[in-house]
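To keep things clear, I will list the structure first and then write my remarks on it.
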Amino acid sequence: MSLRWLWLALALWGAVHPMYYFMSYMAANGWSLGALIDAWYVNDSTHGLVWDLTIAAITLTLWVLAEVAVRRNWIALLAIPATFCIGVSCGLPLYLYFRSKPV
């Protein structure tokens, strides 16, 4: 298995595994997106984690934009919505998958 396919496998895992926990929480709490977001800020530990992931997502986005401008690998832009709609655990390996394609 090449490293490129490992990036894709990690992107899929990064999409499915965290989503399982989000959906379980939402199913138990009335499918309220607001309640899920409120849960991210219940204490300093979760608040710090939210900021950690937010900063990582912004950094990844800037990296993707900077590299796409140079490499013209437009498909790699899909990593940005994956990062903000699913999470960094999906967006980063997805970007590495796209980036590892020979151009």
- [ ] Mind checking the CG-OG spacing from Leu94 to Ser89? Nearest 0.5 Å is all I need.
- [x] 11.0 Å
TODO: For residues Val64 and Ala76, report the shortest heavy-atom separation together with the two atoms involved.
DONE: CG1-O, 3.7 Å
Task: Heavy-atom closest contact (Ile86 atom, Cys90 atom, distance) - done: CG2-CB, 3.7 Å
Task: Gap separating the CG atom of Leu10 from the CG atom of Leu92, nearest 0.5 angstrom - done: 9.5 Å
Task: ILVMFWY cluster, Leu49 and Val42 together (side-chain gap under 4.5 Å) - done: no
Open item on the list: I want to check something: taking the side chain as every heavy atom from C-beta on, are Arg99 and Trp7 in contact at a cut-off of under 4.5 Å?
Closed with: no
Task: Which residues share a side chain to side chain contact (heavy atoms under 4.5 Å, CB included) with Leu36, sequence neighbours left out - done: Phe22, Tyr25, Met26, Leu33, Trp40
Task: Closest non-hydrogen atom pair between Leu60 and Gly91, with its separation - done: CD2-C, 3.7 Å
Open item on the list: Once rounded to the nearest 0.5 Å, what's the spacing between atom CE of Met19 and atom SG of Cys85?
Closed with: 9.0 Å
Task: Counterpart residues, side chain to side chain donor-acceptor pair (under 3.5 Å), relative to Asn43 (two or more places apart) - done: Thr46
Task: Crowding at CH2, Trp51 (>12 non-hydrogen neighbours, <6.0 Å) - done: no
- [ ] Of all the heavy-atom pairs spanning Ala35 and Ser32, show the shortest one and how long it is.
- [x] N-OG, 3.0 Å
- [ ] State plainly whether one hydrophobic cluster holds both Trp74 and Val70, where clusters connect Ile, Leu, Val, Met, Phe, Trp and Tyr through side-chain heavy atoms under 4.5 angstrom apart.
- [x] no
- [ ] Evaluate the side-chain proximity of Ile80 to Leu65: yes if any heavy-atom separation is below 4.5 Å, no if none is.
- [x] yes
Open item on the list: Working to the nearest 0.5 angstrom, can you tell me the gap between Thr83 OG1 and Ile58 CD1?
Closed with: 11.5 Å
TODO: Kindly work out whether a path of hydrophobic side-chain contacts (I/L/V/M/F/W/Y, heavy atoms less than 4.5 Å apart) joins Phe84 to Leu77.
DONE: yes
TODO: Taking atom CH2 of Trp63 as the centre, report whether more than 12 heavy atoms of other residues, nucleotides or ligands fall under 6.0 Å from it.
DONE: yes
Task: same_hphob_cluster(Leu78, Trp13) at 4.5 Å side-chain heavy-atom cutoff - done: yes
Task: Whichever hydrophobic residues join Tyr20 through chains of side-chain contacts under 4.5 Å - done: Tyr21
Open item on the list: How long is the straight-line distance from OH of Tyr97 back to CG of Leu8, given to the nearest 0.5 Å?
Closed with: 5.0 Å
